[in-house]
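Inspection log for the structure reproduced underneath, given as structure tokens.
Keep in mind that what you see is a predicted model, and the values were worked out from it rather than measured.
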Amino acid sequence: MVVSNDADRRQLITTPLCWEGWKVDESSFPVLPGGRDPQVLILDPAPDMSVTEQIAVVQAVFPETAVLIISDKISTEAVVAALDAGARDYFHFPFVPMEFLARVKTHLRIQELQEKLKVANDQLQVLVDRDDLTGLFNMRGIYQRL
């Protein structure tokens, strides 16, 4: 998902993503469509609100989504503030499309690995709480439920 209040910038960000055949939703801030969490949200911060506040709003709506910031403000303070607020990456606008795509692909791989890890942890929890032979809760599982 690409979020920007400037339609031209939104188009410039979306175009390389479409080269890869990805489905890209677009929105302007603070209008964030509900529904399924996007894997990655690329945020071009609105000038009337701080980046940290915008990241907090996005994370409240999409808690499992990787937030990537793309901005023409490339000061060290801006980058540090965004990363400290929970952004996963910070791109300078204008950007080199091939580098941009490579970094987005990296974040998509990280999201995929995190999802696999979550599923594996859930499966391990079932194995810890249940008896292998009968499938019934073992003593640890019973005590946790009580």
Side-chain angles (χ1 to χ4, degrees), residues 1-130 132 135 137-138 140-141 143-146:
M1 174 179 284
V2 175
V3 177
S4 177
N5 289 345
D6 184 334
D8 292 333
R9 283 175 71 125
R10 209 168 40 235
Q11 181 63 36
L12 286 171
I13 297 167
T14 303
T15 299
L17 300 172
C18 292
W19 296 343
E20 294 294 318
W22 296 328
K23 182 184 180 302
V24 181
D25 293 326
E26 297 180 32
S27 180
S28 59
F29 195 82
V31 179
L32 299 173
R36 188 171 162 267
D37 288 5
Q39 288 180 297
V40 172
L41 186 141
I42 301 164
L43 175 64
D44 177 20
D48 58 342
M49 189 180 209
S50 77
V51 174
T52 56
E53 291 172 327
Q54 292 178 61
I55 291 170
V57 169
V58 168
Q59 288 177 334
V61 176
F62 302 120
E64 301 295 320
T65 298
V67 178
L68 314 179
I69 303 297
I70 188 161
S71 177
D72 45 10
K73 296 179 181 135
I74 196 66
S75 70
T76 301
E77 294 81 16
V79 174
V80 169
L83 295 175
D84 283 346
R88 299 256 182 102
D89 206 345
Y90 197 102
F91 303 98
H92 183 256
F93 190 89
F95 54 88
V96 177
M98 298 313 287
E99 178 187 349
F100 173 68
L101 288 174
R103 290 167 77 175
V104 170
K105 286 178 188 176
T106 298
H107 289 288
L108 288 171
R109 282 194 303 273
I110 290 169
Q111 284 293 103
E112 183 180 328
L113 290 171
Q114 286 177 331
E115 288 171 17
K116 286 181 180 179
L117 181 61
K118 187 175 186 285
V119 168
N121 282 336
D122 292 343
Q123 291 171 339
L124 283 173
Q125 189 62 48
V126 169
L127 292 172
V128 166
D129 290 342
R130 296 191 179 259
D132 288 342
F137 285 110
N138 59 23
R140 178 190 334 246
Y143 282 135
Q144 285 180 345
R145 302 272 179 304
L146 293 174

Residues two or more places apart in sequence or in another chain: which of them pass salt bridge (charged side-chain N to carboxylate O under 4.0 Å, His left out) with [X]?
X	answer
Arg10	Glu26
Glu115	none
Arg145	Asp129

To the nearest 0.5 angstrom, please state how far the [atom1] atom of [X] sits from the [atom2] atom of [Y].
X	Y	atom1	atom2	result
Glu112	Leu117	CD	CG	12.5 Å
Asn5	Ser27	CG	OG	8.5 Å
Met1	Asp25	CE	CG	5.0 Å
Asn138	Gln144	CG	CD	8.5 Å

Can you name the ring-ring contact (aromatic ring centres under 6.0 Å, His included) partners of Phe95, sequence neighbours left out?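 Scan of Phe95 (ring-ring contact (aromatic ring centres under 6.0 Å, His included), adjacent residues dropped) gives Phe93, Phe100.
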What residues form a side chain to side chain contact (heavy atoms under 4.5 Å, CB included) with [X], not counting sequence neighbours?
X	answer
Asp8	Asp6
Leu113	none
Leu127	Leu124, Asp132

Given Val58, Leu43, Ile42, the one that forms side-chain contact (heavy atoms from CB on, under 4.5 Å) with Val3: Leu43
Going by the rule side chain to side chain donor-acceptor pair (under 3.5 Å), which residues pair with Gln114 if we only count those two or more places apart in sequence or in a different chain? none
Applying side chain to side chain donor-acceptor pair (under 3.5 Å), can you list everything that pairs with Thr15, at least two apart in sequence or on another chain?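 By the side chain to side chain donor-acceptor pair (under 3.5 Å) rule, Thr15 matches Gln11.
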Show me the side-chain donor-acceptor pairs of residues 66-84 shorter than 3.5 Å, one per line, residues at least two apart or across chains.
unit_1	atom_1	unit_2	atom_2	d
Ser71	OG	Lys73	N	3.0
Asp72	OD2	Arg9	NH1	3.4
Ser75	OG	Ala78	N	3.1

Applying side chain to side chain donor-acceptor pair (under 3.5 Å), which residue pairs with at least one partner in residues 56-69 are found, sequence neighbours left out?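 Found none.
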Side chains of Glu53 and Val57 in contact at under 4.5 Å (non-hydrogen atoms):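 No, every pair of side-chain atoms sits at 4.5 Å or beyond.
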Can you find a pair of side-chain heavy atoms, one from Leu17 and one from Leu101, that are under 4.5 Å apart? yes
Can you see which heavy atom on Ala85 is nearest to which on Ile55, and at what distance?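 Looking at all heavy atoms of both residues, the closest pair is O-CG2, 3.5 Å.
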Looking only at heavy atoms, what is the nearest atom pair of Gln111 and Gln39, with distance? NE2-O, 3.4 Å
Closer than 3.5 angstrom, by distance alone: can the side chain of Gln54 be matched with the main-chain N or O of Ala46 as a donor-acceptor pair?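 Flag set: sc Gln54 to bb Ala46 pair under 3.5 Å.
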Show your reasoning for whether side chain to side chain contact (heavy atoms under 4.5 Å, CB included) applies to Gln125 and Asn121. CA-CA 6 Å; Gln125 189 62 48; Asn121 282 336; over 6 Å; no
Test: salt bridge (charged side-chain N to carboxylate O under 4.0 Å, His left out). Region: residues 93-108. Which pairs qualify, not counting sequence neighbours?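 Those involving residues 93-108 are Glu20-Lys105, Asp89-Arg103, Glu99-Arg103.
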